[in-house]
Trainee: 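Supplied in structure tokens, the structure appears directly below.
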2 protein chains.
Amino acid sequence: MTINPYDGFMPESHPAPARFPVAVDVVALTVFDGALKILLITRLIEPFRGRLALPGGFVLPGEDLVTAAGRELAEETGVGQVPGHLEQLGSYGPRGRDPRGDVLTVAHLLLAPNFPVLSAGSDAEHAAWYPAGQVLDGELQLAFDHERILGDALERAKSKLEYSPLGAAFCGDEFTVAQLRAVYEAVWGTRLDPRNFHRKATGTPGFLEDTGRMTTGDAGRPAALFRLAGAARPAAGQPARAVLNPPLMRPRD
Amino acid sequence: MTINPYDGFMPESHPAPARFPVAVDVVALTVFDGALKILLITRLIEPFRGRLALPGGFVLPGEDLVTAAGRELAEETGVGQVPGHLEQLGSYGPRGRDPRGDVLTVAHLLLAPNFPVLSAGSDAEHAAWYPAGQVLDGELQLAFDHERILGDALERAKSKLEYSPLGAAFCGDEFTVAQLRAVYEAVWGTRLDPRNFHRKATGTPGFLEDTGRMTTGDAGRPAALFRLAGAARPAAGQPARAVLNPPLMRPRD
DNA sequence: GGATTTATCGTCACCTTGACAATAACTCGG
DNA sequence: CCGAGTTATTGTCAAGGTGACGATAAATCC
């Protein structure tokens, strides 16, 4: 009699389920210096030693997917807590993506304000922000199928900005309309008319909430500080929030 | 010395990755009799014996996710080939969704024309179409976390109709504007003005293509038959197609 | 043949958007 | 302190899309 905690998976005439290593990867995006940045680590072990890769790792027994994604992020950047909006992107594999064998990976998308990355201290890898454009241009090559995942992540991010308030996830708690616009411009890779953007952002009910405070010290006229309105703020981790309706469409050509 | 084909996953100081059974589930949707239907099987084995569930099963060694989803669909319905648009929905678990232990499941979404289901012949389960509304109303209870998955699938389907041409995936190769409208009405659960829908559907460049043929025999004036335009047709399985721009938004209240 | 049914074309008021003018309110360099 | 420069914000206007709904076309049903 073998000892098998999963005997229950083998009722009459059913084959035992195959078991796969399951990984989580995180496409962490942020915006600063007017450009969209992605968090990448330099692999110090084979395979793809020396190559840049998405932060990630294997799901541990007893972990859920989001838990594992948050843990990997924390381990490889030194942040104490997930600093923005984390959502599942999609699953890849298990075939043909890891030379060591079949691995299923569940990719996640993090939209966060710029947060400091402790590349020192993490034992295994250097983490740093890289311009997303350099990856797409082929200037930077990623390990595994991470370029494909990044491509999907960028498309998801672009479309999220259209119909959800998640652009604000790139900003801090309080931000100006111009800062929010800079996010849209960086993610979409286009320029937006400041006046029309201002009208749409402030005119959409349930999107922005005026804090009553203003910026000071910057060049030019002070700007009003906004925060995400309560209706648009993510409720305790769960549901991606309601809709920007009608959407704020990115220019198509 | 143990025999372990995945030794490569254990470089210095890294723990061996946990391995999970990986399942695929399929939320297959179709529209007929003016209502949105979902394909469900009656479970003949524990757990949840006798309960309705999404068709699905474990990923076999050497399979990819979509492959496995297509195979399960074929096994449990008798169809020879995936009859519509199949895409990944998202992954659930691995914790707390199967009483036998941790199982990761990758849910898929199938949007298909009504196809006949061979409930006889499949050895393990009865498959049949059920009104999606009955599940949401609580009249039908599903096994595992399948109600949650169904909820996510319906939301995805609703939003896909807004900005993608995939509503046509519910229709056959050729269809009338009214048939397409019936799809939208069933999925969204709303009535749409036939005249405005007609204007939008036929007026959107790259969406519909007039076949030149007409319906005959039905009550009322004959309708023109359309097909999905080349630009909107899915190219050889891969990319979900371009955008319905501006979108065809569902009425929000 | 007239009633009914369904498809399709038009009209009109309203709203949103893109382009862009005009001010407002600050910093900066002298 | 002053004008120049910079950024924020408020408007204006025309074009295009949408919702509501009238009118007509072309079949089936009795």
Side-chain angles (χ1 to χ4, degrees), chain A residues 33-34 161-163 171 174-186 188 190-227 243-253, chain B residues 33-34 161-163 165 167 171 174-186 188 190-227 243-253:
Chain A
D33 296 343
L161 293 204
E162 294 189 333
Y163 59 87
C171 303
E174 298 189 353
F175 49 88
T176 68
V177 173
Q179 287 165 357
L180 185 61
R181 175 166 49 84
V183 166
Y184 277 77
E185 291 181 335
W188 286 348
T190 55
R191 313 287 315 189
L192 298 174
D193 183 282
R195 298 159 291 190
N196 293 337
F197 184 86
H198 189 278
R199 177 180 59 194
K200 178 72 176 176
T202 58
T204 297
F207 187 18
L208 299 185
E209 202 172 79
D210 198 331
T211 65
R213 307 199 307 118
M214 311 278 287
T215 57
T216 57
D218 297 331
R221 174 174 169 178
L225 282 168
F226 292 85
R227 72 171 72 87
V243 189
L244 222 52
N245 193 3
L248 175 49
M249 301 292 283
R250 67 188 121 157
R252 319 260 175 183
D253 307 312
Chain B
D33 296 343
L161 294 206
E162 293 189 335
Y163 59 87
C171 304
E174 299 190 353
F175 49 87
T176 68
V177 174
Q179 287 166 356
L180 185 62
R181 175 166 49 84
V183 165
Y184 278 76
E185 292 182 333
W188 286 348
T190 54
R191 314 286 318 189
L192 298 174
D193 184 282
R195 297 158 289 191
N196 292 337
F197 185 86
H198 188 279
R199 177 180 59 194
K200 177 71 175 176
T202 59
T204 297
F207 186 18
L208 299 185
E209 203 172 79
D210 198 332
T211 65
R213 307 199 306 118
M214 310 279 287
T215 57
T216 57
D218 298 331
R221 175 174 168 177
L225 282 168
F226 293 85
R227 74 170 71 87
V243 188
L244 222 51
N245 193 4
L248 175 47
M249 302 291 283
R250 69 188 120 158
R252 319 262 176 182
D253 305 311

Trainee: Measure from CG on B:N245 to C1' on C:dT17 and round the result to the nearest Å.
Mentor: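 Roughly 13 Å, once rounded to whole Å.
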Trainee: Is B:K200 near enough to D:dG17 that one of its side-chain N or O atoms lies under 4.0 angstrom from OP1 or OP2?
Mentor: no
Trainee: Go through it in stages, so that I can follow the logic: the residues are A:L248 and A:Y184, the test is side chain to side chain contact (heavy atoms under 4.5 Å, CB included), and I'd like the CA-CA distance, side-chain angles, deciding distance and then a yes or no.
Mentor: CA-CA 10 Å; A:L248 175 49; A:Y184 277 77; 3.7 Å; yes
Trainee: A:R191 CZ to C:dC20 P: how many Å, rounded?
Mentor: 16 Å
Trainee: Write down the distance between CE (B:M249) and P (D:dG19), rounded to a whole number of angstrom.
Mentor: 10 Å
Trainee: What is the distance from CZ of A:R213 to P of D:dA8, rounded to the nearest Å?
Mentor: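 Between P of D:dA8 and CZ of A:R213: 17 Å.
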Trainee: If we only count heavy atoms from C-beta on, is the B:R181 to B:P194 side-chain gap below 4.5 Å?
Mentor: yes
Trainee: Between D:dT9, C:dT8, D:dA8, which nucleotide gets closest to the side-chain atoms of A:R181?
Mentor: D:dA8
Trainee: Taking all atoms of both residues into account, what is the closest heavy-atom pair of B:F207 and B:A201, and its distance?
Mentor: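 Closest heavy-atom pair between B:F207 and B:A201: CD2-O, 3.7 Å.
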Trainee: What salt bridge (Lys or Arg N to Asp or Glu O under 4.0 Å) pairs are there with at least one residue in residues 196-210 of chain A, not counting sequence neighbours?
Mentor: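 Every pair satisfying salt bridge (Lys or Arg N to Asp or Glu O under 4.0 Å) with a residue in residues 196-210 of chain A: A:E209-A:R227.
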Trainee: Using whole Å, what does the distance between atom C1' of nucleotide D:dT9 and atom CG of A:D210 come to?
Mentor: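 Distance, rounded to whole Å: 12 Å.
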Trainee: Just how far, in rounded Å, is C1' of D:dT7 from CE of A:M214?
Mentor: 11 Å
Trainee: Please report, rounded to the nearest Å, how far the C1' atom of D:dT9 is from the CD atom of A:Q179.
Mentor: 16 Å
Trainee: In B/S/- notation, 5' to 3', how is nucleotides 20-30 of chain D contacted by protein heavy atoms closer than 4.0 Å?
Mentor: BBB--BBBS--
Trainee: Would you indicate whether the side-chain heavy atoms of B:L180 and B:F226 approach each other to under 4.5 Å?
Mentor: no
Trainee: Please round to the nearest 0.5 Å and tell me the distance separating atom OG1 of B:T215 and atom CZ of B:F175.
Mentor: 13.5 Å
Trainee: What is the minimum heavy-atom distance between B:E162 and B:M249, and which atoms define it?
Mentor: OE1-SD, 3.9 Å
Trainee: For the side chain of B:P246, counting heavy atoms from C-beta on, which of D:dG17, C:dT8, D:dT9 is nearest?
Mentor: D:dG17
Trainee: How long is the line joining NE2 of B:H198 and C1' of D:dG17, in whole Å?
Mentor: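 After rounding, the gap between these two atoms is 17 Å.
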